[in-house]
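Because only heavy atoms are used, hydrogens play no part in the values below, and waters and symmetry mates are left out as well, while side chains stay in. Just so it is clear: chains get the letters A, B, ... in the order the sequence lines come, proteins before strands, and each one is counted from 1. Keep in mind the model is a prediction, meaning the values are calculated, not measured.
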Amino acid sequence: MPELPEVETIAQGLKPLLLGRVIARARVLDPISTPQGADLFARRLAKARIRDVRRRAKLLLLDLERPGKPDLFLAVHLRMTGGLVADLDSDEVRRFSRVRFELADGGSFVFTDIRRFGTCLALTAPELASWPFFATLGPEPLEMDAEGFVGRFQGRNKAVKAALLDQTVLAGVGNIYADESLFRAGIRPMAKAASLSAPRLQGLHRHLQEVLAQAIRENGSSIRDYRDAGGNAGAFQNSFRVYGRAGEPCVVCGTKLRGTKVGGRSTTYCPKCQKG
DNA sequence: ACGAGATCCTGTCAGC
DNA sequence: TGCTGACAGGATCTCG
């Protein structure tokens, strides 16, 4: 499930490949991936030049310019199983291709998605700014200081993990990095955010930043489907201490890790190392 | 206003 | 062997 580090890795990998190139046409292979409608989506993207490739929250953003028309943004949300890859011509890519972007100078890149939850949108600047999901996104966790971080959690009467996953509180954290940062900070996922002292929230801020930065350095986590822009796996899954390890011994104290649900998400924690 | 739970979708895997 | 059901999960919708 692509979260902040995976989307960042994809954006950084695609950027040198796509900068300055022109989308000749977008071929929508599965209309469910383009909720604006395949025709409008394809019409908008024709002849658009790629000026930048970047990430905001878990969203891939391609800044596009078009001759004689307003600037455009291609916003791609990968959700759980989406990917944006340089055309690899592998059976896997072919089978799950949802949108193929054909470049004017030959070549292409492809939006792939097994579970079909991901979406591609072609938006003008005003449309992007007024898109409720985009407009309400919280700040980037790697760009926040401890004080700002603490302020966004204090007084919230819900599980601290649910707050971490809430994209309006902060943007880009998903299930993996929520569990991993809470373990490293020694905080139980089901503890109410409001019950945590400022020093403990500062610890969570520090560990979240560390875990996200390490994951970006290691090109993200590959479980099941995730691949970077070149089709390569990440390495951070080898650094998981709790995610997906329920029933296994804690790497710190040896206690059996406990699996449960918090905020409707599968959650793993160490009952000894993580306190409420 | 805010929180909780159901929903979407399909590949994978455990169990019979 | 082949089938069934549980599970994974981000954002959105509905309900309390």
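- Residue A:Lys261 has its side chain nearest to C:dA8 when only C:dA8, C:dG10, B:dA4 are considered.
- Residue A:Ile32 is in sugar-phosphate contact alone, with no base atom involved, counting any heavy-atom pair closer than 4.0 Å across all strands shown.
- Without hydrogens or angle criteria, A:Glu6 side chain to A:Asn219 main chain gives no donor-acceptor distance under 3.5 Å.
- If you check every strand for non-hydrogen atoms under 4.0 Å, A:Arg116 touches sugar and phosphate atoms only.
- For the pair A:Gln167 and C:dA11, the criterion of a side-chain N or O lying under 4.0 Å from OP1 or OP2 is met.
- Between A:His77 and C:dG10 there is no side-chain polar atom (N or O) within less than 4.0 angstrom of OP1 or OP2.
- Rounded to an integer number of Å, the gap from A:Arg95 CZ to B:dT10 C1' is 10 Å.
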Practice item. Any chance you could lay out the ring pair (Phe, Tyr, Trp, His ring centres under 6.0 Å) test for A:Phe240 and A:Phe183, step after step, and finish with the verdict? Key: CA-CA 10 Å; A:Phe240 288 169; A:Phe183 174 79; over 10 Å; no
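- Residue A:Asn157 contributes atom CG, which lies 21 Å from atom P of C:dG16 at whole-angstrom precision.
- By the 30° and 60° cut-offs, the orientation of the rings of A:His205 relative to A:Phe149 is tilted.
- Using a 4.0 Å cut-off between a side-chain N of Lys or Arg and a carboxylate O of Asp or Glu, A:Asp179 and A:Arg241 do not qualify as a salt bridge.
- Minimum atom distance to the side chain of A:Tyr243 is reached by C:dA8, of the listed B:dT10, C:dA8, B:dG3.
- Taking atom CG on A:Leu137 and atom P on C:dG10, their separation rounds to 14 Å, with Å as the unit.
- A:Arg98 places its CZ atom 7 Å from the P atom of B:dT10, with the value rounded to the nearest Å.
- If A:Phe96 and A:Arg79 are placed on DNA chain B by their nearest nucleotide, the residue sitting closer to the 5' end is A:Arg79.
- A:Arg44 places a side-chain N or O within donor-acceptor distance of the main-chain N or O of A:Ala122, the cut-off being under 3.5 Å.
- Between the CG atom of A:Asp166 and the C1' atom of B:dG5 there is a distance of 15 Å, rounded to whole Å.
- The side chain of A:Arg265 lies closest to C:dG9, out of C:dG9, B:dA4, C:dT12.
- Among the nucleotides B:dG11, B:dA4, C:dG10, the one closest to the side chain of A:Phe117 is C:dG10.
- Comparing B:dG11, C:dG9, C:dA11 against the side chain of A:Ser266 picks out C:dG9 as the nearest.
- For the pair A:Leu121 CG and C:dG10 P, the computed distance is 19 Å after rounding to whole Å.
- Under 3.5 Å, the side chain of A:Arg115 and the base of C:dA8 form at least one donor-acceptor pair of N or O atoms.
- The distance from atom CD of A:Glu3 to atom C1' of C:dA8 is 13 Å, rounded to the nearest whole Å.
- Taking atom CD on A:Glu6 and atom P on C:dG9, their separation rounds to 13 Å, with Å as the unit.
- Using a 4.0 Å heavy-atom cutoff across all strands shown, A:Gly264 reaches no nucleic acid atom at all.
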